[in-house]
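Inspection log for the structure reproduced underneath, given as structure tokens.
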Amino acid sequence: MNKQQNGLKLSFFGGVGEVGKNIMALEYNNEILIIDSGMAFPTDDMPGIDVVIPDVTYLVNNRQKIKGIVITHGHEDHIGALPYVLQDLPGVPVFASKLSVALIENKLKEHRKIKCKPNAVKAGQIVKIGCFQVEFVKVTHSISGAMALAITTPVGVYFHTGDFKLDYTPIDGDPMNLIRLAEIGRKGVLLLTADSTNAERPGFSMSEKKVGVTLDNLFVQNAQKRIIIATFASNVHRIQQILNICEKYNRKIIFTGRSMLNICETAAKIGELKFNKDIIVDVNNIDKYKDEQLCILCTGSQGEENSALSRMANGEFNRIEIGENDYVIFSSSAIPGNEREINNVINLLYSKGASIVYESLAEVHVSGHAYQEELKTLHTILKPKFFVPCHGEYRHLRAHSNIAEELGMNARNIVIPELGDTITINKNVIKKSGTVPSGIKLVDGFEITEAGGVVQRDRVQLASEGVCIVTITISNKTWSLTSKPDIYTRGFVYIKNNEEVMNEARELILNQVISTNFKNQDWASIKNALKKSLQIFFFKKLKRKPMIIPIIIETK
Ligand SMILES: [Zn+2]
Ligand SMILES: [Zn+2]
């Protein structure tokens, strides 16, 4: 028998102290349940990287303990790393709502080696996974099929909200199950972990329905124009509202962008998106319609480089040319870090004569995350004994912790997690009890690389310092120099302004190799010595550290 450990353990591999890559592990005795497997977007110091994924070394090392993965909803910051996690943990069963399963299956198509058939679960369903009884509870969020988890463990009930807001008038007419939440609360909740994204925002978030009203008005005000709407492809409810409005005002709709086409098709197939097929028009038939008969729905609300909207703004979208009769609606908000790219696209669209409306000008977007008053409702209904805020940067977690204290919770019963923390919870105490590896891995095309690896360091150095190539030509008869060494640079210094320094550098190399007999010498050590002296020289003279590449060329 294994020694009993007398508490639940919760480990954070991402999602706390940062935006994105939500993934945590719930552990009791010898059993682990993984909650979500999200990815994050690369930051400016990761050139050429497509996706950032969590380091799951701890989970791989404890492979035999893992009983399953439950997914709260289908946003990338919750499912984006799933193919990579499954690659490391083959055969682990996955549980998710119908739409999440469809989105995961879409994703797995690009990773053919992974054999996984995710299990679709419904709201209200209870699934036993190891010693954990997981009840999926419907919540409202900016994607359909979002679930909270009420997990009955041998220590007590653990409630995880996933991403949520309290929307009393959701588009699918099926609001969050507050009655079930109250029942769970009455029986007693030991631990709550909850979405902290908007914990700094006072009041209530607006209902998704409000966006529909605003969009409807904008359609009326711009009846003569072509309307282009950029939004998140996964916001099925937003897209449903847009489809309804198009139908109402007799506009045809054109879906553009790969993820928009993919997700809309998937959602329509499983009945999450309902519309009359006649209103969809292929982009190739765009010329058959007048501007006022069209609405173009596209990706690119974050200014993403190759998105449909960016290509339109740049004049690179084959069939769609932006002009003065275009009315562009950004039905989205900026994910932190994307502001500059979005700004670029807005400027380009304006320069082509389009009219533009975005969040700060009209209510064309609502957040999918609960504001302070909604969080208070959640805490009040569930009355958890212990609380761990999650899904947010430190300031959001702190704000959420303050809300819990304001509602009467003892500060000792709250733990603000940091990335890599393991928190242990038993019936009477909650405390940080250790750490797990919590670094990141970078996905570069199809390759997974370590953060801070050689390729990354090289790209950063090349981008910020440039490159300096030194060529030394030697004769393979005399094994000595045939001419003076040459130096070529790119992105390093303006040669014209620094001719003197470059001449000195050439002299330096010449002096270093002039008496070398290349026949009996190890070329690698010659190159290393050249590299070193040039590094010291350039730093002394110019305070710069270019990448230095010495090349030795043999001639007859
Ligand atoms: Zn979400
Ligand atoms: Zn999220």
Side-chain angles (χ1 to χ4, degrees), residues 12-24 34-41 51-54 69-82 85 96-104 106-107 123 136-149 160-167 170-172 176 193-201 205-208 211 231-239 259 263 267 272 299 301-302 331-338 365-371 374-375 378 388-397 399-400 417 419:
F12 289 90
F13 304 93
V16 291
E18 63 176 0
V19 174
K21 91 177 178 12
N22 296 285
I23 170 168
M24 49 187 189
I34 300 170
I35 300 173
D36 288 333
S37 290
M39 60 90 149
F41 289 107
V51 171
V52 178
I53 57 173
I69 303 175
V70 287
I71 299 293
T72 57
H73 64 289
H75 277 152
E76 288 295 332
D77 59 324
H78 298 259
I79 65 166
L82 192 57
V85 172
S97 69
K98 201 159 91 175
L99 180 64
S100 305
V101 164
L103 295 173
I104 291 167
N106 252 350
K107 204 170 259 308
F136 293 84
V137 183
K138 150 111 196 188
V139 292
T140 37
H141 183 42
S142 47
I143 186 168
S144 27
M147 309 273 205
L149 308 167
H160 174 58
T161 62
D163 295 7
F164 86 106
K165 70 186 280 187
L166 281 181
D167 193 339
I171 303 310
D172 60 5
M176 188 159 155
T193 54
D195 181 356
S196 309
T197 313
N198 284 335
E200 289 181 312
R201 296 198 187 180
S205 69
M206 270 194 322
S207 170
E208 176 63 32
V211 177
T231 191
F232 296 110
S234 62
N235 198 337
V236 175
H237 289 151
R238 180 80 41 87
I239 293 168
S259 60
I263 294 183
E272 291 275 359
T299 53
S301 64
Q302 298 301 307
S331 188
S332 58
S333 65
I335 294 174
N338 296 341
H365 177 68
V366 296
S367 172
H369 302 273
Y371 283 28
E374 295 158 72
L375 295 174
L378 175 88
V388 175
C390 65
H391 204 285
E393 292 174 28
Y394 185 80
R395 55 191 278 189
H396 306 128
L397 306 182
H400 202 171
L419 199 55

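Residues: numbered from 1 along the sequence shown. When a ligand or atom number is given, it counts from 1 through the structure's own listing order. Keep in mind it's a predicted model, so treat the numbers as computed, not measured.
- In this structure, H391 has its ring center no closer than 6.0 Å to that of H160.
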Inset, instruction - Step by step, work out the side-chain contact (heavy atoms from CB on, under 4.5 Å) result for S37 and I23. - result: CA-CA 5 Å; S37 290; I23 170 168; 3.9 Å; yes

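- Using bins of under 30°, 30° to 60° and over 60° for the plane-to-plane angle, the ring pair H141/H75 lands in the perpendicular bin.
- Classification of E374 and K165 as a salt-bridged pair fails, no side-chain N sitting under 4.0 Å from a carboxylate O.
- Counting only distances under 2.8 Å, and ignoring water, the protein N, O or S atoms around the Zn ion (ligand 2) are D77 OD2, H78 NE2, D163 OD2, H391 NE2.
- With 3.5 Å as the limit, one finds a donor-acceptor pair spanning the side chains of D36 and T72.
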Check: Under the side chain to side chain donor-acceptor pair (under 3.5 Å) criterion, do H365 and R238 qualify, and how do the steps go?
Finding: CA-CA 9 Å; H365 177 68; R238 180 80 41 87; 3.0 Å; yes

